[in-house]
Amino acid sequence: MAQYYSDIYTAVRCIPEGRVATYGQIARLAGRPNGARQVGYVLANASPEQALPWHRVINAKGEVSARAHVDYEDYQRMLLEEEGVQFDLRGRVNLKHYQWQDSDDKEA
DNA sequence: CTTGTGACTGTAC
DNA sequence: AGTACAGCCACAA
């Protein structure tokens, strides 16, 4: 499969426990600064075998992205709360406090 | 190749 | 703070 997928998988798996990352952030780590949507597409098609912490990936609003079934959104929120991520009264996460501070910039 | 769709994001009002 | 619009990339038909 495309290296693109592997990069996304790697980026997602780099998200530490109790932290969250936005789709744009993952896309940037995967080398696709403008591929936030593709990250969502990949995660949507990702097999459970990939063991991806997809629950740590949320949108730029700090909200759990809408999926086909609302039950899954609640499930994702539950997983995050299990890791210590707290949601506000409106079901959103304070990115200023829980967003994963990735230090990938080096590479070179 | 063209069109439509989607777990998104940033800018403008 | 919330809503609207446009830009973005990958994939199925």
Side-chain angles (χ1 to χ4, degrees):
Chain A
M1 192 56 80
Q3 184 70 36
Y4 180 44
Y5 278 55
S6 297
D7 291 338
I8 291 178
Y9 294 153
T10 301
V12 173
R13 281 194 275 249
C14 282
I15 305 173
E17 192 177 309
R19 274 296 135 67
V20 297
T22 65
Y23 293 94
Q25 191 172 3
I26 297 302
R28 181 161 50 76
L29 290 171
R32 302 294 184 291
N34 301 10
R37 305 189 63 147
Q38 284 49 263
V39 174
Y41 182 88
V42 172
L43 291 180
N45 284 284
S47 304
E49 305 172 5
Q50 299 297 339
L52 297 174
W54 54 271
H55 55 274
R56 294 178 190 152
V57 184
I58 59 180
N59 59 28
K61 302 183 192 66
E63 241 284 337
V64 175
S65 299
R67 285 187 72 275
H69 301 287
V70 182
D71 296 336
Y72 278 69
E73 298 177 30
D74 188 55
Y75 174 56
Q76 179 172 3
R77 172 174 173 166
M78 182 191 76
L79 290 173
L80 289 175
E81 292 182 321
E82 287 291 304
E83 296 186 348
V85 178
Q86 300 179 337
F87 285 72
D88 61 14
L89 298 177
R90 284 159 102 260
R92 304 203 309 199
V93 177
N94 184 343
L95 292 176
K96 303 285 280 185
H97 194 67
Y98 289 106
Q99 183 170 36
W100 171 39
Q101 303 303 316
D102 58 285
S103 35
D104 58 78
D105 46 278
K106 42 279 339 176
E107 311 307 281

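The chains referred to below are lettered A, B, ... by the order of the sequence lines, with proteins before strands, and numbering in each begins at 1. Treat the numbers as computed from the prediction; the structure is a model and nothing was measured.
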**Student:** Does a side-chain N or O of A:Y75 approach OP1 or OP2 of B:dA7 to a distance below 4.0 Å, or not?
**Tutor:** no
**Student:** Please classify the nucleic acid contact of A:Y41 as base, sugar-phosphate, or nothing, using heavy-atom distances under 4.0 Å.
**Tutor:** sugar-phosphate
**Student:** Just verifying a value: how many Å separate A:Q76 CD and A:S65 OG, rounded to the nearest 0.5 Å?
**Tutor:** 7.0 Å
**Student:** Where the side chain of A:R37 is defined as all heavy atoms beyond and including C-beta, which of B:dT9, C:dC11, C:dG7 is the nearest nucleotide?
**Tutor:** C:dG7
**Student:** Calculate the interatomic distance between A:L89 atom CG and C:dA1 atom P; express it in whole Å.
**Tutor:** 14 Å
**Student:** Using whole Å, report how far CG of A:N45 lies from C1' of C:dA10.
**Tutor:** 10 Å
**Student:** For B:dC8 and A:S65 - does any side-chain N or O of the residue sit under 4.0 Å from the phosphate oxygens OP1/OP2?
**Tutor:** yes
**Student:** By the 4.0 Å heavy-atom rule, please label A:A66 as base, sugar-phosphate, or nothing.
**Tutor:** sugar-phosphate
**Student:** Check the distance between B:dA7's P and A:R56's CZ and give it to me in whole angstrom.
**Tutor:** 22 Å
**Student:** Can you check whether A:R67 has a side-chain N or O nearer than 4.0 Å to OP1 or OP2 of B:dG6?
**Tutor:** no
**Student:** Which label fits A:Y75 and A:Y72: parallel for a plane angle under 30°, tilted from 30 to 60°, or perpendicular past 60°?
**Tutor:** perpendicular
**Student:** Could you please name the option among B:dA7, C:dC8, B:dT9 that lies closest to any side-chain atom of A:A44?
**Tutor:** B:dA7
**Student:** Choose from C:dC8, B:dA7, C:dA10 the nucleotide whose nearest atom is closest to any side-chain atom of A:R32.
**Tutor:** C:dA10
**Student:** Can you tell me how far C1' in B:dA7 sits from the matching atom in C:dA13, rounded to whole Å?
**Tutor:** 22 Å
